[in-house]
Amino acid sequence: MQELLSCTNVVFHCAATVRFNDSLRHAVQLNVTATQKLLLMASQMPKLEAFIHISTAFSNCNLQHIDEVIYPCPVEPKKIIDSMEWLDDAIVEEITPKLIRDWPNTYTYTKALGEMVVHQESGNLNIAIVRPSIVGATWQEPFPGWVDNVNGPSGLIIATGKGFLRALRGAPMAVADLIPVDTVVNLTLAVGWYTAVHRPKSTLIYHCTSSNFNPCHWGKMGFQILATCEKIPFERAFRRPYADFTTNTITTQYQNAVSHWAPAIIYDLYLRLTGRKPRMTKLMNRLLRTVSVLEYFVNRSWEWSTNNTEMLMSELSPEDQRVFNFDVRQLNWLEYIENYVLGVKKYLLKEDMAGVPEAKQHLRRLRNIHYLFNTALFLIAWRLLIARSQMARNVWLFIVSLCYKCISYFRASSSLKA
Ligand SMILES: CCCCCCCCCCCCCCCCCCCCCCCC(=O)SCCNC(=O)CCNC(=O)[C@H](O)C(C)(C)COP(=O)(O)OP(=O)(O)OC[C@H]1O[C@@H](n2cnc3c(N)ncnc32)[C@H](O)[C@@H]1OP(=O)(O)O
Ligand SMILES: NC(=O)C1=CN([C@@H]2O[C@H](COP(=O)(O)OP(=O)(O)OC[C@H]3O[C@@H](n4cnc5c(N)ncnc54)[C@H](OP(=O)(O)O)[C@@H]3O)[C@@H](O)[C@H]2O)C=CC1
């Protein structure tokens, strides 16, 4: 502690819980109280030049247009921190929806409270806030596509590539504000430099977002994820990668029943019959729970103003602009997403490129099983229909007699030619 207090020049405060469904108590502890404690600690650092707080572009996701300001919270963070001291877990659980109001989860709500704490308790500290949007794999450094956790889209890319996720409630034309992790790091370092050297009079907020500079949509992103999974498939897929966006509750429920639950139940039945432990329904349950907490962000678009980020870019020397590049106007989304999917394959799934031919062969087998299964299903349905309906029987007789006549005609015409 003594060494930290006496030697630190710049604090980058990134630590947080990023789980959307964390209990309010835990999220407040990590994202609000810890921020307060770190500010207190920072105020005892004589050599401190800058304190950079990492928030999220979604800390005000209850608004549609977000400016580079700290918005007031309905209940003072201090009151929330105090109440966590004496309220028991059951009561905290009960009042959570009332406290978080139109924030979709405890994560975004407590990140907003964290910003307020920074604003109220910064004292004489030289502070800046960075708000990244949805952090994705690297764009350039140390190499394209590097990723090390399943947060954000990465987990859903795995689920899509392995053929588990077939439909997602989302708006294909909604803005997908993804930002590569190396861009976030570069911008954060540049903010550290600017804040320490230029010492702005007020706390500056930097939106580390892409849509203002180079917008991309979920439709385009989903399409490229599928195209890459087709070209370089993941190993041992459950089904062929195919997915689509659904737009209303009825189609979502239909897709969940037909494309998610039915295959999982059938597969588990097959596992049981072959003496193995069923696991697919459990996995599907977890996947759909994850989807349900993420889909809020795939159904809406936000606008972030980026004046401070643009100002920072113009303040850097040409050499620093190159070394600490955060200009996403140069980013090619299709190339980036392809590298992202390959990074997920390599660094998260630990799959080797040497296994690609076998993975492709596996997809061909899955396609044949799919055709066979659909044909069998159709024949069974047809057979049941014929047994029950006179009209279906008449149609069936008509088709059979038509086929018979065609065959007789071709036979007769070929024997005439001979
Ligand atoms: C025209 C063609 C169209 C084609 C369509 C194709 C569709 C293709 C798909 C496209 C992908 C689109 C992706 C959209 C994703 C949008 C993401 C938006 C995110 C907004 C971010 C806001 C920015 C931030 O500031 S926050 C940082 C992001 N935080 C997170 O992502 C955290 C998310 N995770 C959680 O909240 C929890 O972990 C939760 C709720 C998922 C599960 O919690 P639970 O308490 O049940 O258990 P855990 O112990 O936490 O985890 C259990 C288990 O799940 C794994 N897991 C965690 N997160 C994910 C994930 N995102 N995806 C998959 N799996 C996940 C976790 O690792 C655990 O696994 P174990 O094996 O048990 O360890
Ligand atoms: N991922 C995203 O899409 C976005 C993330 N952010 C923000 O970026 C920051 C980093 O997030 P991300 O890297 O995604 O999340 P991770 O969960 O990967 O990282 C969180 C970090 O916080 C540390 N941490 C958690 N709890 C504690 C604790 N009690 N004491 C000390 N350290 C702790 C973790 O340390 P350890 O590894 O030792 O557990 C880890 O290094 C967060 O502030 C998040 O709000 C903002 C926008 C988007």
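Positions are given from 1 along the sequence. In listed order, ligands and their atoms are each counted from 1.
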Short side-chain to backbone donor-acceptor contact, T96 and L24, under 3.5 Å: no
Go through the structure and list residues passing ring-ring contact (aromatic ring centres under 6.0 Å, His included) with Y71, not counting sequence neighbours. none
Validation row, ring centre F373 to ring centre F378 under 6.0 Å: no
Any Lys/Arg nitrogen of D89 or R25 sitting under 4.0 Å from an Asp/Glu carboxylate oxygen of the other? yes
Kindly state if atom 36 (P) of ligand 2 has a protein heavy atom within a strict 4.0 Å cut-off, that is, under 4.0 Å? no
Does an N or O anywhere in Y107 fall below 3.5 Å from an N or O of ligand 2? yes
For residues 99-110, which residue pairs pass the salt bridge (Lys or Arg N to Asp or Glu O under 4.0 Å) check, not counting sequence neighbours? none
Those residues that, when tested against D182, pass side chain to side chain donor-acceptor pair (under 3.5 Å) (two or more places apart): none
Looking only at distance, does V135 have an N or O less than 3.5 Å from an N or O of ligand 2? yes
Under 4.0 Å from atom 32 (N) of ligand 2, do we find at least one protein heavy atom? yes
Should one rank P132, A16, G152, S55 by closest heavy-atom distance to atom 7 (C) of ligand 2, which comes out on top? S55
Heavy-atom donor-acceptor pair, D177 side chain to S210 backbone, under 3.5 Å: yes
Per-pair distances, ligand 1 N/O vs protein N/O, less than 3.5 Å:
| from | atom 1 | to | atom 2 | distance (Å) |
| --- | --- | --- | --- | --- |
| ligand 1 | 25 (O) | T56 | OG1 | 3.0 |
| ligand 1 | 25 (O) | Y107 | OH | 2.7 |
| ligand 1 | 29 (N) | V18 | O | 3.2 |
| ligand 1 | 31 (O) | G152 | N | 2.7 |
| ligand 1 | 36 (O) | F20 | N | 2.8 |
| ligand 1 | 43 (O) | N21 | ND2 | 3.3 |
| ligand 1 | 45 (O) | R19 | NH2 | 2.5 |
| ligand 1 | 45 (O) | N21 | ND2 | 3.1 |
| ligand 1 | 46 (O) | R289 | NH2 | 2.5 |
| ligand 1 | 50 (O) | R19 | NE | 2.8 |
| ligand 1 | 50 (O) | R19 | NH2 | 3.4 |
| ligand 1 | 61 (N) | V150 | O | 3.0 |
| ligand 1 | 71 (O) | R286 | NH2 | 3.4 |
| ligand 1 | 72 (O) | R286 | NH1 | 3.4 |

Are any non-hydrogen protein atoms located under 4.0 Å from atom 40 (C) of ligand 2? no
Say whether C14, considering both its backbone and side-chain N or O atoms, lies within less than 3.5 Å of an N or O atom on ligand 2. yes
Give a yes/no verdict on whether any heavy atom in S133 is under 4.0 Å from an atom of ligand 2. yes
When you measure from atom 28 (C) of ligand 2 to the protein, is at least one non-hydrogen atom found at a distance under 4.0 Å? no
